[in-house]
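First up is the structure itself, then whatever we jot down about it.
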Amino acid sequence: MVRSALGRPGNALDRGPKKLARFIPAWSVAVASCLCMLPIVIQVGWFPDFGFLLLLAWRLLRGDVIPAWWAASLGLFNDLVTGGPIGLSVAIWTGAMILLDLLDRRTMWRDYWVEWGLAALLIFIHDAARWQIDGLMGAHSSFSTVVPSVVIAILVFPLAAWAASRIDRWRLGR
Amino acid sequence: MAPPTSARPGWSRRAQYSLFFSFLAAVAGLLVGLFLLALSLVAPNSYAAVRGAALDLTAPVTGALREGTTTIGGLFSGAGDYWDAANQNAKLKAERSAMQREILQARAIQQENRQLKAALQLREKTQQAVASGRIVGSSFQSQRRFAVISAGSGDGVVPGMPVRAADGLIGRVVDAGGTASRVLLISDQANIVPARLLRTGVAVISTGRGDGTVDVRPLEVGRNPFRPGDVIVTSGTGGLYPPHVPIARVVRLDDDGAIAIPLADPANVSFAIVEHPFEEAALAEPPETAETP
């Protein structure tokens with residue numbers, strides 16, 4: 001009787017970390033990058049960079065699941081899939097990870113609002129840098145064209161944070 | 001939760017070293033990224049093969065998904081069409097008779113035009129399509145306006161070729177993979193199209209604004225030549241885009257120009273047609289090969 005109670009699927013005692021649990025966060029970021037393959041044809045580019053949002057969410061949720069230097073290869077993958085200028089995500093994503101590592105030593109405490117603020121700051125830097133590079137590549141525009149996508153990305157970030165925490169629970173079998 | 005006061009992971013040398021080396025690796029990754037970015041700014045063509053290959057891998061996925069969404073969308077719009085069929089029928093009949101009258105007029109004008117051109121000994125190459133493909137995706141995450149079409153170098157598409165639809169101009173090819181290519185839309189800020197006003201023939205320049213509209217300005221400073229509703233067509237100057245392809249319709253005037261909406265909406269056109277550049281020399285070729293006959 002005891003044995004059958006243990007063997008029931010979904011039992012708390014059976015559950016444990018998934019195989020390859022170490023790599024699931026990085027995989028999920030790569031999958032989020034692939035969302036740009038959705039067949040959406042629109043005239044304004046206001047969708048957020050899903051890969052970057054999920055990377056930030058993972059980094060703020062757990063500091064050690066995605067080593068900073070993995071961000072370089074994830075960024076290269078993102079550049080190739082989205083068709084952006086190659087090297088842009090590599091530099092920005094890795095730079096964001098290093099910046100967060102440095103900020104971790106300075107911040108006295110962490111709560112939900114501090115994390116959202118940090119994410120908002122990094123999203124702003126990300127979009128401003130991309131706007132600069134677009135200008136250098138010949139697509140000059142006023143900064144006001146970037147503002148909607150920055151606002152949308154900042155508002156969508158909690159969704160990415162929620163997704164990261166759900167994947168984390170699933171990955172660790174909790 | 002209070003963070004650790006120092007970055008030391010403990011007394012383990014191994015842990016300290018691995019933390020330090022991962023920091024070094026991250027800095028190296030940052031430097032590599034900056035180098036790649038500088039290379040893509042200075043020599044964008046150096047990634048052509050890699051970008052084309054990535055496009056070949058991603059475009060089929062987008063294409064298959066697009067197939068599904070258009071089928072579902074078609075079911076809904078098809079059902080909607082049946083809903084109002086009698087009204088639509090009457091409206092279409094009226095439109096058809098109006099159009100037939102216009103076609104007769106146009107035929108007469110075409111004939112006259114042919115005679116006049118023959119009299120002037122004007123020779124014009126007829127435009128032949130290189131390939132046609134469906135628009136499967138777009139750059140919906142970035143301010144740059146790109147679309148992905150399902151025709152690539154296997155069909156003869158080369159970067160630089162103009163792309164149009166039945167309704168009007170779409171843009172030009174920037175990356176070509178084997179089975180798919182990426183198109184710089186006319187609404188992108190980097191796409192400048194020499195054009196003219198259809199009503200008066202005034203030469204204008206059309207530049208994308210990045211939000212689905214284009215900015216049109218006259219070449220000569222002076223009175224604003226635009227009126228709402230004006231149609232802008234390509235002028236053929238520069239030799240890339242063929243002349244007389246409709247570009248956009250003016251919707252709003254500003255100080256010395258106007259804002260126009262492209263006539264061919266990439267979201268709605270079913271097929272994009274890739275054409276040869278109007279004059280072959282307009283394709284960016286290395287000068288050595290161009291000058292050795």
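The model shown is predicted, which means the values in this text are computed figures rather than measured ones. A, B, ... follow the sequence lines: proteins, then strands. Residue 1 opens every chain. Both backbone and side-chain heavy atoms feed into the values below; hydrogens, waters and symmetry mates do not.
- B:Q141 and A:T82 share no side-chain donor-acceptor pair at under 3.5 Å.
- In this structure, no portion of B:V148 lies under 4.5 Å from any heavy atom of chain A.
- Side-chain contact between B:Q143 and A:S149: present, with at least one pair of heavy atoms (C-beta onward) separated by less than 4.5 Å.
- Of the two parts of A:M37, the backbone and the side chain both hold a non-hydrogen atom closer than 4.5 Å to a non-hydrogen atom of chain B.
- The 12-atom threshold is exceeded at CZ of A:F143, counting heavy atoms of other residues, nucleotides or ligands nearer than 6.0 Å.
- At a 4.5 Å heavy-atom cutoff, the contact between B:S187 and chain A is made by side-chain atoms alone.
- Proximity to chain A involves both the backbone and the side chain of B:D211, based on heavy atoms less than 4.5 angstrom apart.
- The closest side-chain heavy-atom distance from A:T94 to B:V32 is not below 4.5 Å.
- If you measure heavy-atom distances from B:L41 to chain A, the contacts under 4.5 Å come from the side chain alone.
- Within residues 41-62 of chain A, the residues having any heavy atom less than 4.5 Å from a heavy atom of chain B are, in residue-number order, A:V41, A:I42, A:Q43, A:V44, A:G45, A:W46, A:F47, A:P48, A:D49, A:F50.
- The number of heavy atoms from other shown groups lying within 6.0 Å of OH (A:Y112) is above 12.
- Only the side chain of B:F23 has a heavy atom closer than 4.5 Å to any heavy atom of chain A.
- Within the 4.5 angstrom heavy-atom criterion, only backbone atoms of A:L35 (N, CA, C, O) approach chain B.
- Distance check: B:T207 OG1 to A:H140 NE2 gives 11.5 Å after rounding to the nearest 0.5 Å.
- Both the backbone and the side chain of B:A25 come within contact range of chain A, with heavy atoms under 4.5 Å apart.
- By the neighbour-count criterion of 12 heavy atoms within 6.0 Å, atom CZ of B:R249 is sparsely surrounded, having that number or fewer from other residues, nucleotides or ligands.
- Using a 4.5 Å cut-off between heavy atoms, A:A72 contacts chain B through its side chain alone, with no backbone atom that close.
- Residue B:L57 holds its CG atom at 10.5 Å from SG of A:C34, rounded to the nearest 0.5 Å.
- Per-residue counts of heavy-atom pairs under 4.5 Å with chain A were compared for B:D265, B:D188, B:L36; the largest is that of B:L36.
- Within the model, atoms OH of B:Y47 and CD1 of A:I86 stand 6.0 Å from one another, a figure rounded to the nearest 0.5 Å.
- The distance from atom CD1 of A:I133 to atom OG of B:S142, rounded to the nearest 0.5 Å, is 12.5 Å.
- Interface summary for chain B: among A:G83, A:S73, A:A68, A:A153, the most heavy-atom pairs under 4.5 angstrom belong to A:G83.
- Interface summary for chain B: among A:A71, A:G138, A:G63, the most heavy-atom pairs under 4.5 angstrom belong to A:G138.
- The CG atom of B:L30 lies 5.0 Å from the CD1 atom of A:I98; values are rounded to the nearest 0.5 Å.
- With contacts defined as side-chain heavy-atom distances shorter than 4.5 Å, the pair A:V90/B:L37 does not qualify.
- Counting heavy-atom pairs under 4.5 Å between each of B:L55, B:V136, B:I192 and chain A puts B:V136 at the top.
- Residues A:P39 and B:T62 meet the side-chain proximity criterion, which asks for heavy atoms closer than 4.5 Å.
- Of the residues considered (B:R209, B:E67, B:R145), B:R145 shows the highest number of contacts with chain A, using heavy-atom pairs under 4.5 Å.
- For the atom pair A:D79 CG and B:R51 CZ, the distance stands at 8.5 Å (nearest 0.5 Å).
- Other residues, nucleotides and ligands place no more than 12 heavy atoms under 6.0 Å from the CH2 atom of A:W69.
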